[in-house]
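As a basis for the values below, the full set of heavy atoms in this structure was taken, side chains included, without hydrogen atoms, waters or symmetry mates. Note that the structure is predicted; figures quoted are calculated from it, not measured.
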Amino acid sequence: MIQQIDYFVIAPPLALALVAALVLLLDAFLPAHPRTKPVLGLVTLAGVLVALAFVVAQAIRGGPPQSTFCVPADLAGPARLCSFVADGFTLVFAGMVLVGAVVVVLMSMTELAAGGIPVGEWYFLLLCTLVGAVTLPASRDLIMLVVALELVSLPVFALTAMKRYDGRASEAAVKLFVVSVVSTAVMLFGVSLLYGIAGTVYLSRLAAVFSGQAPAPGLAETTTLATAQSLPAVVSVGVVLVVAGFAFKIAAVPFHSWAADVYQGAPVPVAALLSVISKAAGFAGLILVLVAGLSGQAATWAPIVGIIAALTMTAGNLLAMRQRSAVRLLAWSSVAQSGYILAPLAVAAQSITPRLAGGTGAVPAGAGAFPAGIGSGAVGTATAYLVIYAAMNLGAFAVVLLVSRTATRNELDDYRGLVFRRPAAGLALAFCLVCLAGLPPGLAGLFAKVFVFREIVEGGSGWLALIMAVNTVIGLYYYAVWTARLFTPPTAPVLARHRPMPTTWLAIGLAVAVAVLFSIAPQLVLDMTSLSSFG
């Protein structure tokens, strides 16, 4: 039987891949001219916008989840198994990634204008990363998940080292490479254990096997996890290894030590890419594996995720307090934010276990669509926080890029009096920092934390809510210190001002506009990320 492919379903990653090939060809055949740089940047930006338009079209189309790359009906049996599914979960993450990509491309135009970085290779690798980031939330089998995750990670090594003859960038690239290779090896080992027991790579089939509703081929045709005595230990090891592999990707404790050095050594647009797009892809994969594939083992992974969340937010905040470099502070702040995003997943088991006990909802319906109702509140809350965090962090990185053009060291003292030197940039950074701290008028950050607190408390994890409350207070300190510097009159004479490129202001404006929108209408984020409409 010939595999039928629905090209409309895969249009977003396909458009990005075609534009990546076009950029590579244009770079090879266009004459070496200063105007070539903006041309390639505009082509890349157009490709991202086209992919975003396809995502919007799929969302407007509505209806049941769309899928492709499916197992033929005569081989799949009663359950339809598909590798690529465009449901609500996919569209929310793809939209977030592509909006963030617009800001990163605009920042890249500013970074590349200074020269010293190959433009064609930069945009090609950036588009390849976006292909993986858009494909990953649509992946519904372990093989596609791993391939998409590596497609997100591998181009970033080269992007980090694009500054030739820069020792710090080369060191950052090597660290990122080593960490990523180790995390991939750990995750693949866990995936191999799960596949060996379940005998399938499809997440919906994994959910059926690990919830005891289907036989485990790794033992015998009639043996299920509900009756096997030796399986839980093996499955638990596989679950722990998979969680550890994703913990590397999202810079969660104890696999977080690479973040600050890599962020500082990489070009600022790459640091923003790692902080938002790569992190979003990592969380999308983690949510899919845990909630859609391993819902039957929630009792195993939920306590682990809770402990990791508590340690991650605490370590990130404590380390951020000691920083004097703006990029390193944002790096450790990003680690702390990962802890906040992980926290709701720790209580996802509260909504998964009753459904499994009732005998319904264990196996995702449809062609691998995200299981609506299974951990929906926790996943929706984590996704909402991630969306709000992405807008605020991109705005902060865009202003950091602006300041880095004149401040080589890019330390917090370089931002002293920024509101007086560049009122628009200073106020934009102040607003983003206030949002990240969760203080008015940055109501987006405040409501994001309220969403998480409410979900944790309702899930019965009072200890985790207490730890998050303490960490929120700690985070207020370093955000307030940085914000205060922005409004402090400079003690030294102001140097000649650098005239920023329009793309820098566009990046700042877009990120801040989204953050303001979320502050005005926080319920919009919850409605957009609600899993009641996912699948």
Side-chain angles (χ1 to χ4, degrees), residues 97 100-101 103-104 107-108 111 116-117 121-122 125-126 128-130 132-133 149-187 244-283 285-286 312 315-320 322-339 341 389-390 393-394 396-398 400-401 404 408-411:
V97 164
V103 178
V104 172
M107 293 171 63
S108 298
E111 182 73 23
I117 297 178
E121 291 92 328
W122 176 283
L125 292 169
L126 176 58
C128 289
T129 298
L130 296 178
L149 190 61
E150 289 310 298
L151 188 55
V152 175
S153 304
L154 291 176
V156 180
F157 307 152
L159 285 172
T160 304
M162 275 290 184
K163 283 188 175 181
R164 296 174 179 174
Y165 313 112
D166 187 332
R168 180 172 289 178
S170 300
E171 179 186 356
V174 171
K175 286 184 178 179
L176 185 60
F177 174 76
V178 172
V179 168
S180 185
V181 168
V182 171
S183 67
T184 301
V186 170
M187 185 168 54
F246 278 105
F248 274 106
K249 302 295 184 182
I250 62 176
V253 172
F255 314 109
H256 64 293
S257 57
W258 59 273
D261 292 338
V262 172
Y263 280 46
Q264 188 176 28
V268 176
V270 177
L273 176 73
L274 285 167
S275 177
V276 174
I277 296 177
S278 180
K279 189 182 293 291
F283 272 107
L286 181 64
T312 300
N317 280 319
L318 292 178
L319 290 169
R322 304 177 53 191
Q323 303 307 314
R324 294 295 177 265
S325 166
V327 176
R328 292 183 71 89
L329 188 150
L330 286 176
W332 291 123
S333 166
S334 178
V335 172
Q337 301 292 344
S338 293
I341 300 168
Y389 154 80
N393 226 44
L394 283 173
F397 269 109
V400 167
L401 175 64
S404 68
T408 305
R409 296 178 63 87
N410 208 349
E411 294 184 344

- More than 12 heavy atoms of other residues, nucleotides or ligands under 6.0 Å from CZ of F177: is that the case?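 No, CZ of F177 has 12 or fewer neighbouring heavy atoms, counting only those of other groups under 6.0 Å.
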- Message: In the structure I gave you, are the side-chain heavy atoms of M162 and V270 within less than 4.5 Å of one another anywhere?
- Response: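 No; the side chains remain at least 4.5 Å from each other.
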- Message: Looking at S334 and L330, would you say the former's side chain and the latter's main chain have a donor-acceptor pair under 3.5 Å?
- Response: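 No, S334 side chain to L330 backbone: no donor-acceptor pair under 3.5 Å.
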- Item | Pair E150 + K249, salt bridge at N-O below 4.0 Å |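 Salt bridge between E150 and K249, a charged N being under 4.0 Å from a carboxylate O: yes.
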Euclidean distance, [Y] [atom2] relative to [X] [atom1], rounded to 0.5 Å:
| X | Y | atom1 | atom2 | value |
| --- | --- | --- | --- | --- |
| R328 | Q264 | CZ | CD | 5.0 Å |
| T184 | F248 | OG1 | CZ | 9.5 Å |
| L274 | T129 | CG | OG1 | 9.0 Å |

Grab the two heavy atoms, one from [X] and one from [Y], that are nearest each other, plus how far apart they are.
| X | Y | value |
| --- | --- | --- |
| G265 | R168 | CA-CG, 3.4 Å |
| S404 | V268 | OG-CG2, 4.3 Å |
| L159 | W122 | CD2-O, 3.6 Å |
| F246 | G282 | CD2-O, 3.5 Å |
| A173 | T160 | N-CG2, 3.7 Å |
| E111 | L401 | OE1-CD1, 3.3 Å |

- Query: Does a side chain donor of either S170 or K163 reach within less than 3.5 Å of an acceptor in the other side chain?
  - Reply: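 No, no side-chain donor-acceptor pair sits under 3.5 Å.
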- If we ignore angles and hydrogens, is there a donor and acceptor under 3.5 Å between the side chains of S275 and Y389?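 Yes, side-chain donor-acceptor contact under 3.5 Å.
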- Message: Under the side-chain contact (heavy atoms from CB on, under 4.5 Å) test against I277, which residue among L126, V104, V103 passes?
- Response: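 The side-chain contact (heavy atoms from CB on, under 4.5 Å) with I277 is passed solely by V104 among L126, V104, V103.
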